[in-house]
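Notes to accompany the following structure.
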Amino acid sequence: MSEQAVTAQSEDFSSWYNEIVYRADLAAPSPVRGCVIIKPYGYEIWEGIKSGLDRRFKATGHQNAYFPLFIPESYIKREAQHVEGFSPELAVVTHAGGKELEEPLVVRPTSETVIGEAFSDWIQSYRDLPLLINQWSNVVRWELRTRPFLRTAEFLWQEGHTAHATHDEAEEETLQMLDIYADFAIEDAAIPVIKGEKSRMERFAGALRTYTIEAMMRDKRALQSGTSHNLGQNFAKAFDIQFLTEANTQEYCWTTSWGLSTRMVGAVVMTHGDDKGLRLPPKLAPYQLVIVPIYRRDAQRTAVLETVERLRKSFEAANLRVHVDLREGQSPGFKFNDWEMRGVPLRVEIGPKDVENNNAVLARRDVMGREGKQFVSQDDVVAVARELLVDIQRNLLEDAREFRDAHIQDASSYDELRAIVAEGEWARAFWDGSDDDELAVKDETGATIRCFPFEQPDAQGACVYSGRSAEKVALFAKAY
RNA sequence: CGGGGCGUGGCGCAGCCCGGUAGCGCGCACGGUUUGGGUCCGUGAGGCCCCCGGUUCAAAUCCGGGCGCCCCGACCA
């Protein structure tokens, strides 16, 4: 029976993650190196992420469009830093239709270039601005080491691309989208992300400024969960995106781009999961509750299933996502464990005694054992379930926040920083170092600057590495 | 690309050293039993033993070559 248990998180987090991804049926290995098959249960989580974001994008005036998967190789080369940043990980099509192509086609690693080219055609005047476009797509980056959802050769994401008349408008957009990511992460995914700005080193290839939401996983490693870039006029110049101002002068646009990927599924797994498996936040859970019928023999079966069916309808009428586990030949105990592993927030048990007493048993995934279990009248079960789901959503966020805050420490010297990072924790420290200093810290400690958080202390301080006076604190952590 | 490991039913593995009927656990199918915390018993289906070549009466096993995958590092959402 021991084979049925998942490797404990505390024992080997990375094995835990891999096992749970496959056993919870989120993904399956694919025939192609570095790629995965996203199975229905995993894809539904992604669909929840999509709809949560898409709703927010639309509400802020963005429209969806779709650009080609293939990009002429020459496009990629037009923005100098961009080529440098992406070249090593490009997949390139050299043959098609039985012959060699005149110009190789790059499978998009991101679409700034094609979209930039299109924008240069679409934008003539200040009246065409701002242009606010988003696309849901797949992209390919030939990473050397891959892990399901966290880093795969092909992944799904959304990439927003916008063009504006002024630097300030572009900056405002960049920050607005970061806020949207953070709002989604906190409210829907129950992941308490930290908003901040990336260092020069970690900046997107070709961007003026890169903002990020950083999350702490259950092994205390950092995960960049979404990014928003102010591209300045770099891409506008490379792709000739100009507009005529009100004063009849030609100017380059200011553009932005922002993306969030299927990596977020991995973030959900690693933020909330425990030794038993997944714990899905109700807002993203494919099934918010699962009903497990319990019966012996046919006489009880009929009565139990009638009740179950009636309850299923009431849950559905209340717009709750409910699943009934009708599998035959599987014991209730097996099913309890199975759904706990798959992270369903609430379990409803209906047995002969419950039918008799007009009761239902509700068991919450986030509070295991007796404590999380309660008997409720069938008349109230929908209302109670509703409240519990809200509470579970809140509790997961709270839990993650407490965990995160307990593992971020201030470092006032480089020695302290080293010690903190060596313990696997995040270090918060004043920073005014050079790129080389940052690299040195990475070499020496394994930690990188995750971001300069927006929330800053009032005081100034001395840079933890260079000793120079520094305006800002940075967060250092080992990252995925 | 540097270092290590592994390719055997769907999954996880044993067998290989010492050549001779391909095996175990899980899963799957069927029958019974059980069902309020991972039931138990029985029957059964399922295998180019990574590929190519060599040695041999005989190769999963020995020899040569190739391919693939995984792990650790440098690169990354």
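Just the heavy atoms: all of them, side chains too, but no hydrogens, waters or symmetry mates, feed the values below. In what follows, chains carry the letters A, B, and so on, assigned in the order in which the sequence lines appear, proteins first and then strands, with residues in each chain numbered from 1. If you're wondering where the values come from, they're calculated on a predicted model, not measured in any experiment.
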Closest to side chain of A/Asp354, choosing from B/C69, B/G37, B/G36: B/G36
Whole-angstrom distance between B/C24 and B/G19, as gauged at atom P: 24 Å
Nearest-angstrom distance, C1' atom, B/G27 to B/C48: 23 Å
Proximity to the side chain of A/Arg33 - top-ranked nucleotide from B/G38, B/A77, B/C69: B/C69
Same-atom distance (P) from B/U61 to B/C51, integer angstrom: 10 Å
Row check, A/Phe70 ring normal vs A/Arg108 NZ/CZ: under 6.0 Å, within 45°: no
For B/C49, the Watson-Crick or wobble counterpart (both distances under 3.5 Å): none
Contact under 4.0 Å: A/Lys198 side-chain N or O vs B/A77 OP1/OP2: no
At a cut-off of 3.5 Å, list every protein nitrogen or oxygen paired with a nitrogen or oxygen from nucleotides 29-34 of chain B, distance to 0.1 Å.
{"residue": "B/U34", "atom": "OP2", "partner": "A/Arg297", "partner atom": "NH2", "Å": "3.3"}

Distance, rounded to the nearest Å, where A/Tyr17 contributes OH and B/C70 contributes P: 15 Å
Atom-to-atom span, NZ of A/Lys373 to C1' of B/G36 - whole angstrom: 7 Å
B/G42 to B/U55 separation - C1' atoms, rounded to the nearest Å: 46 Å
Complement of B/U56, any strand, by Watson-Crick or G-U distances under 3.5 angstrom: none
Between A/Lys58 and A/Asn134: side-chain donor-acceptor atoms closer than 3.5 Å: no
Nearest-angstrom distance, C1' atom, B/G47 to B/G23: 11 Å
Sugar-phosphate, base or nothing in reach of A/Leu150, heavy atoms under 4.0 Å: base
Under the side chain to side chain donor-acceptor pair (under 3.5 Å) test, residues paired with A/His272 that sit two or more places apart: none
Whole-Å gap separating C1' (B/U35) and CZ (A/Arg301): 12 Å
Close side-chain approach of A/Arg147 to A/Ser14, heavy-atom, < 4.5 Å: yes
Closest listed nucleotide, where the reference is the side chain of A/Lys442 and the choices are B/C75, B/A77, B/U35: B/C75
Base B/G37 to side chain A/Glu340, donor-acceptor N/O within 3.5 Å cut-off: yes
Integer-rounded Å distance: B/A77 P and A/Arg221 CZ: 14 Å
Interface residues of residues 342-349 of chain A with RNA chain B (non-hydrogen, below 4.0 angstrom): A/Arg347, A/Glu349
Integer angstrom distance from the C1' of B/U56 to that of B/C69: 32 Å
Separation of the C1' atoms in B/G15 and B/G7, to the nearest angstrom: 15 Å
Residues A/Tyr211 and A/Asp179: side-chain donor-acceptor under 3.5 angstrom: no
Aromatic plane relationship, A/Trp157 with A/Phe155 - under 30° parallel, 30 to 60° tilted, over 60° perpendicular: perpendicular
Minimum-distance nucleotide (side-chain atoms of A/Pro332 versus B/G37, B/G36, B/A77): B/G36
Which residue lies more 5' along RNA chain B, comparing A/Gln330 with A/Thr262 via nearest heavy atoms: A/Gln330
B/G2 pairs with, by Watson-Crick or G-U criteria that keep both distances under 3.5 Å: B/C72
Nearest-nucleotide 5' precedence on RNA chain B, A/Gly34 against A/Gly369: A/Gly369
Sugar-phosphate, base or nothing in reach of A/Thr152, heavy atoms under 4.0 Å: base
Touch class at under 4.0 angstrom, heavy-atom based, for A/Lys353 against every strand present: base
Sugar-phosphate only, base, or nothing, as touched by A/Gly259 at under 4.0 Å among non-hydrogen atoms: nothing
Sugar-phosphate only, base, or nothing, as touched by A/Val292 at under 4.0 Å among non-hydrogen atoms: nothing
Distance, rounded to the nearest Å, where A/Trp339 contributes CH2 and B/G38 contributes P: 18 Å
Parallel, tilted or perpendicular: ring planes of A/His323 versus A/Tyr287, cut at 30 and 60 degrees: parallel
Rounded interatomic separation in angstrom, taking CE from A/Met264 and P from B/A77: 15 Å
Sugar-phosphate only, base, or nothing, as touched by A/Tyr480 at under 4.0 Å among non-hydrogen atoms: nothing
Derivation of the ring pair (Phe, Tyr, Trp, His ring centres under 6.0 Å) call for A/Trp258 and A/His161: CA-CA 7 Å; A/Trp258 24 278; A/His161 298 271; 7.8 Å; no
Touch class at under 4.0 angstrom, heavy-atom based, for A/Ser261 against every strand present: base
Rounded C1' spacing from B/G2 to B/A45 in Å: 47 Å
Where at least one partner belongs to residues 293-313 of chain A, residue pairs that pass ring pair (Phe, Tyr, Trp, His ring centres under 6.0 Å), sequence neighbours excluded: none
Whole angstrom value for the distance that separates C1' of B/C26 from CZ of A/Phe334: 11 Å
A/Trp136/A/Tyr66 under ring pair (Phe, Tyr, Trp, His ring centres under 6.0 Å): CA gap, chis, key distance, verdict: CA-CA 7 Å; A/Trp136 290 97; A/Tyr66 187 80; over 10 Å; no
For B/C67, the Watson-Crick or wobble counterpart (both distances under 3.5 Å): B/G7
Base paired to B/U33 (Watson-Crick or G-U; both N/O distances under 3.5 angstrom): none
Integer-rounded Å distance: B/C26 C1' and A/Glu19 CD: 14 Å
Contacts of type salt bridge (charged side-chain N to carboxylate O under 4.0 Å, His left out), residue A/Asp435, not counting sequence neighbours: A/Arg200
Counterpart base for B/G44, defined by Watson-Crick or G-U wobble contacts under 3.5 Å: B/C28
Touch class at under 4.0 angstrom, heavy-atom based, for A/Phe204 against every strand present: nothing
A/Arg56 charged N/C atom sitting above A/Phe184 aromatic ring, 6.0 Å / 45°: no
Touch class at under 4.0 angstrom, heavy-atom based, for A/Gln224 against every strand present: sugar-phosphate
May I have the list of side-chain donor-acceptor pairs in residues 40-52 of chain A shorter than 3.5 Å, sequence neighbours left out?
{"residue": "A/Tyr41", "atom": "OH", "partner": "A/Arg342", "partner atom": "O", "Å": "2.7"}
{"residue": "A/Ser51", "atom": "OG", "partner": "A/Glu47", "partner atom": "O", "Å": "3.3"}
{"residue": "A/Ser51", "atom": "OG", "partner": "A/Gly48", "partner atom": "O", "Å": "3.3"}

